[in-house]
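Before any comments, here is the structure.
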Amino acid sequence: MRRVAAVGLVGGAMALTAACGGGGGGNAAGSAAKADLGAGAAASPSAAGPTSTAPKVSRAVVDIQPKAGSVDVAPNALKIGATGGKLTTVKVSDKSGKEVPGTIAADGSSWTPSAALAVGTAYQVSAMAADTDGAVATADSSFTTLTPTALAKASDNVDDNATYGVGMIVSVDFSKDVKNKADVAKGITFETDNGTEVKGHWFDDRRLDFRPEKYWKPGTKVVVHYRLKNVEIAPGVYGTDRDEPFTIGRSQVSTVDAAAHTMTVDHGDGQPSRIDITSGSPDHPTWNGTMVVMAKEGVVRMQSSTLPGMTGAPYDLQVPHSMRLTTSGTYVHGNYWSDAFGEDNVSHGCVGLKDVKGGGDSTSMGKFYDSSIVGDVVIVKNSTKKETLDPANGLSGWNLAWSAW
């Protein structure tokens, strides 16, 4: 009886434990039961157990050019692309850890740096791409950019912190023929304090001129940024970096009416002044078109022997108050040897205002010379000149439409 009772008590205890499965002791027992079941299942040859699978190979392929270990790499030679997937991450940095900014294309097929890499610099590249299933592919590279063997000088016609007229055109001349014109043009930018847009125009392989669509606004502050150190100007030839600030002064636009023998000077104040002039004779007419004062040269020796196709009496004169308008030799200058002002055109292509020998401060030309600065506009109309003024002749780019600039 005692043995039977003991068995019954044990069975009751087991039943009680099962009935209280929601309590703490029930959790422990349940966990143990599950552990035993799991162990039994794993031991059974007929039970399905966990399987081991190899990682998926991404269909994406990342390509980095140049390849690892490359040297003497051109600053614009870095190319990063992906096929079979899209680029997700690209990091390009120099040996100091400074990252190169860039952009992944909208379709994820390529990455483009924001600017050319620096010359003579070591770079590290890492890139990742993912296919449509999210499987990732990676690639790395390291290389060193070239050290320039020669430099090309880029000289212009502006001085630091100088003041110029509203027609000023910045003309840049290179010491070597430029091969990569688009990259060079991007490497010269204009910062203005009023948002004026400035564009460049190539006249030949060595000359690049810059101007806004319309005349500058008086008072505009400008900084020209040259960033050509890492730009290949010609094969193996690079430029330099510098900044050049200048200011646009007051407005002065002078209009010469060759038929009326007058010049009207407009300062934008509603009170233009009128000056009697003489311009190019019928045999040597003045160019029609918009010109810009390139330089104030003072007294200039002018000789008829330097003029191709010269007719009339020869001359050799020291001409006062001379301001150059074209490379070919058109000037606004003082004239002390003629009385044709306001009545006739007798010059050899220049615009002459009344003056005295050596130049006088109180003469028409003396006052005009003193009021003028480089960059002032001089427009000639109604001349008998048939040919069109070449926009490359001096700073005459205003004669080229903005759409063609």
Discussion item. What's the separation between atom CG in Asp159 and atom CD in Glu244, rounded to the nearest 0.5 Å?
Written reply: 8.0 Å
Discussion item. Given 3.5 Å as the limit, does a donor-acceptor pair link the side chain of Ser141 with the main chain of Pro66, or not?
Written reply: yes
Worksheet entry | Evaluation steps, side-chain contact (heavy atoms from CB on, under 4.5 Å), between Leu353 and His333 | CA-CA 6 Å; Leu353 279 68; His333 60 66; over 6 Å; no
Worksheet item: Can you tell me if CZ on Arg274 sees more than 12 non-hydrogen neighbours from other groups inside 6.0 Å?
Response: no
Worksheet item: How about Lys199: does its NZ atom have over 12 heavy atoms from other parts shown lying under 6.0 Å from it?
Response: yes
Worksheet item: Is the cationic atom of Arg211 (NZ for Lys, CZ for Arg) positioned less than 6.0 Å from the six-membered ring centroid of Trp405 and within 45 degrees of its normal?
Response: yes
Discussion item. If we count only N and O atoms by modelled type, under 3.5 Å, do the side chains of Asn194 and Thr220 hold a donor and an acceptor together?
Written reply: yes
Worksheet entry | Side-chain donor or acceptor of Ser175 paired with backbone N/O of Lys153 under 3.5 Å | yes
Worksheet entry | Donor-acceptor pair between Ser281 and Asp283 side chains, under 3.5 angstrom | no
Worksheet item: So do the side chains of Lys354 and Thr363 get within less than 4.5 Å of each other, counting heavy atoms only?
Response: no
Discussion item. Assess whether a salt bridge exists between Arg227 and Asp243, defined as any Lys/Arg side-chain N lying under 4.0 Å from an Asp/Glu carboxylate O.
Written reply: yes
Worksheet item: Is a salt bridge present between Lys181 and Asp183, judged by a nitrogen-to-oxygen distance below 4.0 Å?
Response: no
Item to complete: Applying side-chain hydrogen bond (donor to acceptor under 3.5 Å, both in side chains) between Tyr226 and each of Thr189, Asp241, Asp156, report the one that passes.
Response: Asp156
Item to complete: Starting from the C-alpha separation in whole Å, work towards a yes-or-no answer on side-chain contact (heavy atoms from CB on, under 4.5 Å) for Leu87 and Ile80.
Response: CA-CA 9 Å; Leu87 289 170; Ile80 302 174; 4.2 Å; yes
Practice prompt. Answer yes or no: is there a donor N or O on one side and an acceptor on the other, between the side chain of Thr326 and the main chain of Thr330, under 3.5 Å?
Written response: yes
Worksheet entry | pair Ser254-Ile379: side-chain heavy atoms closer than 4.5 Å | no
Worksheet item: Which atom names give the shortest non-hydrogen contact between His225 and Glu191, and what distance separates them?
Response: NE2-OE1, 2.7 Å
Fill in: More than 12 heavy atoms of other groups within 6.0 Å of Asp177 CG
yes
Discussion item. Is the ring pair Tyr215/Trp398 parallel, tilted or perpendicular, if the boundaries are 30 and 60 degrees?
Written reply: perpendicular
Worksheet entry | Atom pair OG (Ser109) and CG (Asp63), whose distance is rounded to the nearest 0.5 Å | 12.0 Å
Discussion item. Nearest 0.5 Å, please: how far is CH2 in Trp287 from OG1 in Thr388?
Written reply: 8.0 Å
Discussion item. Between Thr262 and Asp257, do the side chains contain a donor N or O and an acceptor N or O under 3.5 Å apart?
Written reply: no
Worksheet item: Below 4.5 Å, heavy atoms only, C-beta onward: do Asp94 and Val100 meet side chain to side chain?
Response: no
Worksheet item: Does a donor on one side chain sit under 3.5 Å from an acceptor on the other, for Ser155 and Asp173?
Response: no
Fill in: Lys296 NZ: over 12 foreign heavy atoms closer than 6.0 Å
yes
Fill in: Ionic contact status for Arg301 with Asp316, cut-off 4.0 Å
yes
Item to complete: Taking Asp266 for its side chain and Gly268 for its backbone only, find out whether a donor-acceptor pair lies under 3.5 Å.
Response: yes
Worksheet item: Do Lys229's NZ or CZ and the ring of Tyr238 fall within the cation-pi criteria of under 6.0 Å and 45°?
Response: no
Worksheet item: Between His261 and Glu343, does any side-chain donor sit less than 3.5 Å from a side-chain acceptor?
Response: no
Worksheet item: What class does the angle between the rings of Tyr164 and Phe246 fall in, given that below 30° is parallel, 30 to 60° is tilted and above 60° is perpendicular?
Response: perpendicular
Worksheet item: Minimum heavy-atom separation for Met291 to Val380, with atom names?
Response: CE-CG2, 3.5 Å
Fill in: Crowding at NZ, Lys381 (>12 non-hydrogen neighbours, <6.0 Å)
no
Worksheet entry | Heavy-atom pair with the smallest gap, counting every atom of Ala185 and Leu208 | CA-CD2, 4.2 Å
Discussion item. On a heavy-atom basis, which atom in Pro320 and which in Val356 lie closest, and how many Å separate them?
Written reply: CG-O, 3.7 Å
Discussion item. Distance check, rounded to the nearest 0.5 Å: Tyr123 atom OH versus Leu78 atom CG?
Written reply: 9.5 Å
Worksheet item: Can you tell me if Ser171 and Asn157 form a side-chain donor-acceptor pair at under 3.5 Å?
Response: no
Worksheet item: Any side-chain heavy atom of Leu228 within less than 4.5 Å of one from Thr240?
Response: no
Item to complete: Using a strict cut-off of less than 4.0 Å between a Lys/Arg side-chain nitrogen and an Asp/Glu carboxylate oxygen, indicate whether Arg250 and Asp376 qualify as a salt bridge.
Response: yes
Discussion item. Quick one, Val178 and Arg206 - any side-chain contact, counting heavy atoms below 4.5 Å?
Written reply: no
Worksheet item: Any idea which heavy atoms bring Thr149 and Gly236 closest together, and the distance?
Response: OG1-O, 3.2 Å
Discussion item. Closer than 3.5 angstrom, by distance alone: can the side chain of Thr89 be matched with the main-chain N or O of Met128 as a donor-acceptor pair?
Written reply: no
Practice prompt. Applying side-chain contact (heavy atoms from CB on, under 4.5 Å), run through Val71 and Phe143 and close with a yes or a no.
Written response: CA-CA 6 Å; Val71 295; Phe143 60 89; over 6 Å; no
Worksheet item: Mind checking whether Leu146 and Val73 have side chains closer than 4.5 Å, heavy atoms only?
Response: no
Worksheet entry | Donor-acceptor under 3.5 Å (Asn399 side chain, Ser396 main chain) | yes
Item to complete: Go through the steps to decide whether Met294 and Val374 satisfy the test side-chain contact (heavy atoms from CB on, under 4.5 Å), and finish with yes or no.
Response: CA-CA 6 Å; Met294 299 173 60; Val374 172; 5.9 Å; no
Discussion item. Using a strict threshold of under 4.0 Å (side-chain N to carboxylate O), is an ion pair present between Asp133 and Arg59?
Written reply: yes
Discussion item. Quick check: closest heavy atoms across Thr145 and Ala118, and the distance to 0.1 Å?
Written reply: OG1-O, 2.6 Å
Worksheet item: Would you call Tyr369 and Val332 a side-chain contact if the rule is heavy atoms closer than 4.5 Å?
Response: no
Discussion item. Donor-acceptor check, side chain of Asn180 to backbone of Ile233, threshold 3.5 angstrom: yes or no?
Written reply: no
Worksheet item: How long is the gap from CD1 on Ile373 to CE on Met323, to the nearest 0.5 Å?
Response: 10.5 Å
Practice prompt. To the nearest 0.5 angstrom, please state how far the CG atom of Asn230 sits from the CG atom of Leu117.
Written response: 8.0 Å
Worksheet item: How are the rings of His201 and Phe203 set relative to one another: parallel (under 30°), tilted (30 to 60°) or perpendicular (over 60°)?
Response: perpendicular
